[in-house]
Trainee: 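There's a structure below that I have some questions on.
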Amino acid sequence: MSPMAAELLIRPARETDLATVAAIYSAGIAERIATFETSPRTASDLADWIGDGQPFLVAERGGQVVGWARAGDYSDRCVYSGVGEHAVYVDPQARSAGLGRQLLEALAAAAEEAGLYKLTSRVFTDNAASRAAHLAAGFTEVGVQRRHGRLEGEWKDCVLVERLLGPAAEAG
Ligand SMILES: CC(C)(COP(=O)(O)OP(=O)(O)OC[C@H]1O[C@@H](n2cnc3c(N)ncnc32)[C@H](O)[C@@H]1OP(=O)(O)O)[C@@H](O)C(=O)NCCC(=O)NCCS
């Protein structure tokens, strides 16, 4: 059976996943479409992500980790402790098969379970895949932050995306 035909499992990340998570992250960083970060990541760079109580999921197909999503702190101000700032990365070989959307949906469920009331992130306006995956997973685009940073000297505009969870989603 080909890896793409195998069943998809989305589960909490483990320490043994970190090398693959870092490789998938580094592939996205190298594409210069996902983040202002430009340095590749190693497993040890991400060690703090395990066991910190924040939602951190991997997608596994045929025993191989093919994507990940994580929510970290949005702010160090305690009034925003219910807001998570998230990221989602899928192996370039595994894209456009619904994994990004499914990881975001699973992350929203895990974040809600962890007591968060919102997930939010910034997406480069020209990252069509991420914008589409977020919209498909129930996120809304709040607005554009112009010239929010420079990537290799070029100004980038960012779309702020968010999804309300739990009591915030129910408040109407
Ligand atoms: C963004 C990313 C996670 C999306 O993952 P994915 O598995 O390819 O996305 P999905 O297959 O779940 O696609 C979800 C939707 O986006 C659409 N889509 C996927 N790739 C697209 C593209 N390049 N352009 C336009 N739409 C696209 C799909 O058609 C699908 O829409 P639908 O549900 O209406 O059919 C993936 O492209 C990636 O890892 N990119 C590099 C890292 C990155 O940019 N991360 C996000 C940082 S904000």
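Atoms within a ligand are numbered from 1 in the order they appear, just like the ligands themselves.
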Trainee: Closest by any non-hydrogen atom to atom 47 (C) of ligand 1: pick that one out of A128, A30, A34.
Mentor: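 Result: the heavy atom closest to atom 47 (C) of ligand 1 is in A34.
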Trainee: Considering only protein heavy atoms, determine whether one is less than 4.0 Å from atom 44 (O) of ligand 1.
Mentor: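 Yes, because at least one protein heavy atom sits under 4.0 Å from atom 44 (O) of ligand 1.
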Trainee: For I24 and D91, work out which heavy atoms get closest and say how close.
Mentor: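 Result for this residue pair: CG2-N, 3.6 Å.
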Trainee: Between A71 and L107, what is the shortest heavy-atom contact and its length?
Mentor: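 Residues A71 and L107, closest heavy atoms: N-CD1, 4.0 Å.
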Trainee: Considering only heavy atoms of A97, which atoms of ligand 1 have at least one such atom less than 4.0 Å away?
Mentor: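 So the atoms of ligand 1 that pass are 11 (O).
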Trainee: If the cut-off is 4.0 Å to any non-hydrogen atom of Y89, which atoms of ligand 1 fall inside it?
Mentor: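 Counting atoms of ligand 1 from 1, those under 4.0 Å from Y89 are 39 (O), 42 (C).
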Trainee: Got the closest protein heavy atom to atom 11 (O) of ligand 1, with its distance?
Mentor: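 Result for atom 11 (O) of ligand 1: G98 N, 2.7 Å.
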Trainee: Considering only the protein, which heavy-atom contact is closest to atom 4 (C) of ligand 1, and what is its distance?
Mentor: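 The answer is A133 CB, 4.0 Å.
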Trainee: Have a look at R101, R95, H134, R122 and point out the one with the heavy atom closest to atom 37 (O) of ligand 1.
Mentor: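 It is R95 that holds the nearest heavy atom.
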Trainee: Indicate whether atom 7 (O) of ligand 1 is within a distance of less than 4.0 angstrom of some protein heavy atom.
Mentor: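 Protein heavy atom within 4.0 Å of atom 7 (O) of ligand 1: present.
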Trainee: Distance check, rounded to the nearest 0.5 Å: I33 atom CD1 versus F124 atom CZ?
Mentor: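 These two atoms lie 7.5 Å from each other.
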Trainee: Are L164 and L119 connected in a single hydrophobic cluster, I mean Ile/Leu/Val/Met/Phe/Trp/Tyr linked by side-chain heavy atoms less than 4.5 Å apart?
Mentor: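 No.
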Trainee: I need the Y117 OH to E112 CD distance, nearest 0.5 Å.
Mentor: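 The CD atom of E112 is 14.0 Å from OH of Y117, to the nearest 0.5 Å.
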Trainee: Can you confirm whether F36 sits close enough to C158 that some side-chain heavy atom of one is under 4.5 Å from a side-chain heavy atom of the other?
Mentor: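 A side-chain contact under 4.5 Å exists here.
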Trainee: Just distances here: any N/O of G100 and N/O of ligand 1 closer than 3.5 Å?
Mentor: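 It does: an N or O of G100 is found under 3.5 Å from an N or O of ligand 1.
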Trainee: Going by a strict under-4.0 Å cutoff (protein heavy atoms only), does atom 1 (C) of ligand 1 have a neighbour on the protein?
Mentor: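 Protein heavy atom within 4.0 Å of atom 1 (C) of ligand 1: present.
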Trainee: Looking only at non-hydrogen atoms, find the nearest pair between L103 and V58 and report the distance.
Mentor: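 In terms of heavy atoms, the two residues are closest at CD2-C, 4.1 Å.
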Trainee: Considering only heavy atoms of N127, which atoms of ligand 1 have at least one such atom less than 4.0 Å away?
Mentor: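 It comes down to these atoms of ligand 1: 43 (C), 44 (O).
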Trainee: Please report whether atom 30 (C) of ligand 1 has a protein non-hydrogen atom at a separation of less than 4.0 Å.
Mentor: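 Protein heavy atoms within 4.0 Å of atom 30 (C) of ligand 1 - there are none.
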Trainee: For T140, does its backbone N or O pair with a side-chain atom of H134 as donor and acceptor, under 3.5 Å?
Mentor: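 Side chain of H134 to backbone of T140, a donor-acceptor pair under 3.5 Å: no, none is there.
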Trainee: For atom 16 (O) of ligand 1, what's the nearest protein heavy-atom neighbour? Residue, atom name and distance, please.
Mentor: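 In this structure, atom 16 (O) of ligand 1 has A132 CB, 3.0 Å as its nearest protein heavy atom.
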Trainee: Between L99 and R61, is there a side-chain heavy-atom distance shorter than 4.5 Å?
Mentor: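 In short, these two side chains touch, coming nearer than 4.5 Å.
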Trainee: Just need the protein heavy atom nearest to atom 33 (O) of ligand 1, so name the residue and atom and give the distance.
Mentor: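 Protein heavy atom at minimum distance: A136 CB, 3.5 Å.
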Trainee: Can you get from V90 to F56 by hopping between Ile, Leu, Val, Met, Phe, Trp and Tyr side chains that sit under 4.5 Å apart?
Mentor: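 Shared cluster, no.
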Trainee: To which protein heavy atom is atom 20 (N) of ligand 1 closest, and what is the distance rounded to 0.1 Å?
Mentor: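 Of the protein heavy atoms, A129 CB, 3.4 Å lies nearest.
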Trainee: Can you sort out which atoms of ligand 1 are near L99, meaning under 4.0 Å from one of its heavy atoms?
Mentor: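 So the atoms of ligand 1 that pass are 7 (O), 12 (O).
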Trainee: For the residue pair D17 / T20, report whether a side-chain donor-acceptor contact shorter than 3.5 Å exists.
Mentor: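 Their side chains do not contain a donor-acceptor pair, so the 3.5 Å distance test is not met.
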Trainee: Please compare V88, L104, V123, V90 and report which has the shortest non-hydrogen distance to atom 46 (C) of ligand 1.
Mentor: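 The residue whose heavy atom sits nearest atom 46 (C) of ligand 1 is V88.
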Trainee: May I ask which of S96, S130, G67 has a heavy atom nearer to atom 19 (C) of ligand 1 than the others do?
Mentor: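 Result: the heavy atom closest to atom 19 (C) of ligand 1 is in S96.
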